[in-house]
Student: 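Before we start, here is the structure in question, set down as structure tokens.
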Amino acid sequence: MDYLEGLNKSQRVAVEHIDGPIMVIAGAGSGKTRVLTYRIAHMMNRGIDSFNILALTFTNKAAREMKERISQIVGDQEAKNLAMGTFHSVFAKLLRYNAEKLGYPSNFTIYDTQDSRSLIKSVIKELKLDDKDYKPNSVHGRISSAKNNLISPEEYANNAEIVGEDRMSKRPLIYQIYKMYMDRCFKAGAMDFDDLLYQTNVLLRDFPEVLHHYQQKFRYILVDEYQDTNYSQYLIVKKLAAVYENICVVGDDAQSIYSFRGANIQNILNFKRDYPDFTLYKLEQNYRSTKTIVDAANSVIEKNQDQIKKNVWTDNNQGDKIRVIRCLTDNEEGKVITNSIYEIKQGQGLQYSDFAILYRTNAQSRSFEESLRKLNMPYKIYGGLSFYQRKEIKDLIAYFRLSANSNDEEALKRVINYPKRGIGNTTMEHIIIAAQQYDVSLWEVMSDFNRYPCNVNASAQKKISDFVRMMQSFTADLDRVPAFDLAQRIATTTGLLKTLHEDKTPEGVTRYENIQELLAGVKEFSIANKNSENNSLSDFLIDVALMTDADDESEDDKNKVTLMTIHASKGLEFPHVYVVGLEENLFPSQLSINSRTELEEERRLFYVAITRAEKNCTLSYVQSRFRFGQLITSESSRFIDEIDEQFLNFESTYSDKGTSGRSLNARRGLDSKFSNPAATGGLSGLSQRRLKKVNVNDISSTPSKSGGTTTDLKVGFNVMHDRFGKGRVTALEGTAPNQKATVFFPRVGNKTLILKFAKLEVLD
DNA sequence: ATCAAGGCTTTTTTT
DNA sequence: AAGCCTTGAT
């Protein structure tokens with residue numbers, strides 16, 4: 001049991017205490033993941049069957065990594081049956097086995113946020129409500145929080161307080177929308193994200209034998225990031241653990257940042273109430289960060305009223321002070337931060353992956369992307385518009401979904417007229433009306449006009465019937481044909497592939513390539529699950545629906561600068577962290593500024609951001625930035641003031657001379673702390689030019705053995721070819737002297753060139 | 001039914 | 001700044 005040796009005393013007791021209810025409060029960087037991993041491995045070493053363990057993590061990636069690590073300790077075979085994943089993915093699978101009990105098909109669709117929103121929108125329209133008052137987004141928020149608190153449409157309608165709130169906000173009929181929305185999801189055989197938890201609760205409530213079965217199966221339950229669970233999740237766990245009470249929850253109240261999604265610190269208190277004889281362990285030693293970072297973070301979080309007192313400390317070095325950089329504009333912020341990354345990377349011989357840029361909102365990524373691109377620095381953005389949210393990907397997936405579940409209304413609406421088939425809005429509106437009249441799904445009307453006569457002319461009916469027949473042929477093959485073959489056939493037969501291939505604009509080419517990539521993903525899935533019985537296209541869909549950006553990290557994403565929101569950075573760590581956009585009304589967000597509890601959540605968010613850093617943390621803010629397409633003047637964030645000043649070092653890209661009269665920060669005396677305007681470098685024309693040059697050298701620093709004029713290229717480079725003109729490198733393969741590059745030339749399309757022969761001039 | 005143009009809202013944060 | 005929706009012409 002040598003793995004126990006690597007643990008400190010408090011970690012070790014938390015690992016070795018297996019039975020009964022346990023709560024572990026784990027400070028940032030205190031080895032929480034380590035404890036969870038070793039705890040599970042230890043349980044298995046002590047003879048507990050992995051079949052009886054349920055471990056709920058916050059991301060699928062975390063689950064995968066933990067499972068891998070456990071396999072290394074106890075062996076693949078032992079770890080095989082471990083139920084480990086996010087609440088959503090674990091219970092989505094559980095629901096698949098039990099869906100029919102609830103009246104859902106076993107291959108129910110999972111509606112993503114877009115689907116939910118679009119359905120809510122059409123419900124609002126059908127109820128003839130004004131979407132100025134009933135904004136789909138906020139109505140969805142209302143419905144979502146009802147579901148997360150397990151309030152059914154009926155309970156919602158009968159709850160005087162809730163309906164009162166809606167009346168006050170001039171949206172008295174939300175209860176009707178809720179009812180109708182749920183009804184429609186049900187008819188479509190679809191569950192939204194919240195349903196995956198809500199319906200699990202219904203299942204465990206209404207089917208005692210099912211509850212009993214899973215109580216026996218999951219005798220040992222572990223929950224990571226417990227502070228971010230909502231009521232619905234809390235109750236699932238409570239029910240499953242009710243018999244054996246072998247439940248271990250791990251969390252940190254100081255890192256609770258998901259209350260907008262219904263997460264509730266109350267769950268920590270509930271735990272104490274539900275299991276009065278529970279054992280509490282605290283992990284307070286931080287192994288991740290320097291003393292400066294730990295102490296600075298502590299000095300911030302202590303401003304919060306709501307918190308469990310703890311003393312996070314570290315034995316690590318003091319380390320550098322936290323830099324505070326002030327810039328004029330958001331574009332300048334982009335340049336300064338990326339230049340700083342470049343200089344530190346070169347100066348210390350680090351990897352790109354040692355750096356992360358963290359921001360409050362996704363929209364802030366733009367200026368950093370631009371600067372990184374200009375300097376040819378590789379980066380990866382997490383969140384924002386992910387691969388699976390791209391239109392072309394969603395289109396093809398919608399075809400998959402509709403093949404697996406004909407009643408999937410959102411998928412149907414998405415693809416019925418794409419590619420163009422001459423089935424327009426008017427036709428679809430008639431179908432929707434008819435479907436409601438007959439109380440059936442759209443698909444049923446469309447597949448049997450004799451039985452459900454409606455106001456659709458003969459030519460449109462014909463087109464629809466053709467479509468229906470095509471879809472039926474896919475459905476028939478769903479369980480007969482391997483996932484990849486069927487996916488390929490769907491992409492071709494529907495005309496999707498052809499339509500995209502005809503589009504020769506760069507965007508069109510990218511879309512086509514994305515489709516190819518999705519198909520490759522299906523193939524990969526087919527291979528990975530070759531021996532499983534869950535390897536059909538509809539099984540692929542469950543995986544895809546709950547997949548996030550972090551989950552499909554490829555190998556070549558490994559050495560890149562990371563750009564993400566602070567929310568997405570939870571649980572991660574980087575040697576060098578840049579927290580940017582520290583301005584009032586941005587961070588803390590404008591919407592949080594009037595409520596203490598929300599402001600405290602922003603502060604916890606800031607705490608999370610700082611504590612991602614191992615060695616170095618840099619904060620930045622700007623004087624004016626573009627928001628809403630308008631230039632906004634901003635003031636530095638109160639959070640900067642909240643850090644004990646002894647940990648800070650102020651740098652500015654400009655001097656106050658000339659601006660001092662107008663500076664908003666003068667009031668708080670922040671201006672006087674900045675010195676030495678040139679110190680950050682990277683802004684004078686000279687310094688910019690120097691950097692750029694250094695960078696080019698870096699790129700060709702691995703000498704090419706090709707002997708040709710072309711040195712090392714990277715994807716994304718702009719190049720010039722004698723015959724094909726200007727182009728952009730989209731892929732590289734092989735190594736010198738046989739290295740090949742795929743280049744997209746706007747004039748002639750994609751070409752794969754052998755670098756040895758092709759005379760490419762690098763333009764960047 | 002389709003397409004282009006112009007106007008409009010939008011931003012927290014995510015499974 | 002960008003995507004989405006409405007409008008109006010064909």
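A note on names: the letters A, B, ... follow the listed sequences, proteins ahead of strands, and every chain is numbered from 1. Quick caveat, the model's predicted, so the values are computed rather than measured.
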Student: Looking at B:dT15, B:dA1, B:dT14, which one has an atom nearest to any side-chain atom of A:F260?
Tutor: B:dT14
Student: Mark yes or no for whether A:S144, through its side chain, and A:G141, through its backbone, hold a donor-acceptor pair below 3.5 Å.
Tutor: no
Student: Taking only the side-chain nitrogens and oxygens of A:T59, find out if one of them lies under 4.0 Å from OP1 or OP2 of B:dT15.
Tutor: no
Student: Ignoring the backbone of A:L591, work out which of B:dT11, B:dT13, B:dT15 is nearest its side chain.
Tutor: B:dT11
Student: Heavy atoms under 4.0 Å, any strand shown: does A:S89 hit a base, just sugar-phosphate, or nothing?
Tutor: nothing
Student: A:D194 CG to B:dT14 P: how many Å, rounded?
Tutor: 15 Å
Student: With nearest nucleotides of DNA chain B determined for A:N417 and A:H140 from heavy-atom distances, which residue corresponds to the more 5′ nucleotide?
Tutor: A:N417
Student: If you assign A:G629 and A:T361 each to the DNA chain B nucleotide with the nearest heavy atom, which residue ends up on the more 5' nucleotide?
Tutor: A:G629
Student: A:S589 side chain N/O closer than 4.0 Å to the phosphate oxygens (OP1, OP2) of B:dT11?
Tutor: no
Student: Remember a base hit wins even if backbone is also touched, and classify A:F628 as base, sugar-phosphate or nothing at under 4.0 Å, heavy atoms.
Tutor: base
Student: For A:Y382 and B:dT13, what is the distance between atoms OH and P respectively, to the nearest whole Å?
Tutor: 18 Å
Student: Would you kindly give the OH-to-C1' distance between A:Y258 and B:dT15, to the nearest whole Å?
Tutor: 9 Å
Student: Answer yes or no on whether A:K391 is positioned over the face of A:Y418, meaning its NZ or CZ is under 6.0 Å from the six-membered ring centre and within 45° of the axis.
Tutor: yes
Student: To the nearest Å, how far apart are A:I542 CD1 and B:dT15 P?
Tutor: 17 Å
Student: Using 30° and 60° as the class limits, which term best fits the ring planes of A:F108 and A:Y104: parallel, tilted or perpendicular?
Tutor: perpendicular
Student: Between A:Y382 and A:K380, is there a cation-pi geometry (under 6.0 Å to ring centre, at most 45° from the normal)?
Tutor: yes
Student: In whole Å, what is the span from the NZ atom of A:K132 to the C1' atom of B:dG7?
Tutor: 11 Å
Student: Which residue, A:K374, A:R366, A:R373, forms the side-chain hydrogen bond (donor to acceptor under 3.5 Å, both in side chains) with A:E370?
Tutor: A:R366
Student: Side chain of A:R627: nearest nucleotide among B:dT15, B:dT11, B:dT13?
Tutor: B:dT11
Student: Look at the side chain of A:K420 and decide which nucleotide, out of B:dT2, B:dT14, B:dT11, has an atom nearest to it.
Tutor: B:dT2
Student: Quick one: is B:dT14 close enough that its OP1 or OP2 comes under 4.0 Å of any side-chain N or O from A:N362?
Tutor: yes
Student: Who passes ring pair (Phe, Tyr, Trp, His ring centres under 6.0 Å) against A:H140, sequence neighbours left out?
Tutor: none
Student: Taking the minimum atom-to-atom distance to the side chain of A:T113, which one of B:dT13, B:dT15, B:dA1 wins?
Tutor: B:dT15
Student: Does A:Y388 have A:K394 sitting over its ring (NZ/CZ under 6.0 Å from centre, angle to axis within 45°)?
Tutor: no
Student: Would you please confirm or rule out a distance under 4.0 Å between OP1 or OP2 of B:dT11 and any side-chain N or O of A:N137?
Tutor: yes
Student: Which is true for A:T427 with a 4.0 Å heavy-atom rule: it touches a base, it touches only sugar-phosphate, or it touches nothing?
Tutor: sugar-phosphate
Student: Rounded to whole angstrom units, what separation is found between the CD atom of A:E369 and the C1' atom of C:dA1?
Tutor: 13 Å
Student: I want to check a possible cation-pi pair here: A:R604 against A:Y607, using under 6.0 Å from ring centre and within 45° of the ring axis as the test.
Tutor: no
Student: Could you write nucleotides 2-10 of chain C as a row of B, S and -, 5' to 3', where a protein heavy atom under 4.0 Å of any base atom gives B, of only sugar-phosphate atoms gives S, and otherwise -?
Tutor: --SS-----
Student: Just call it for A:K135: base, sugar-phosphate, or nothing, with non-hydrogen atoms closer than 4.0 Å on any strand.
Tutor: sugar-phosphate
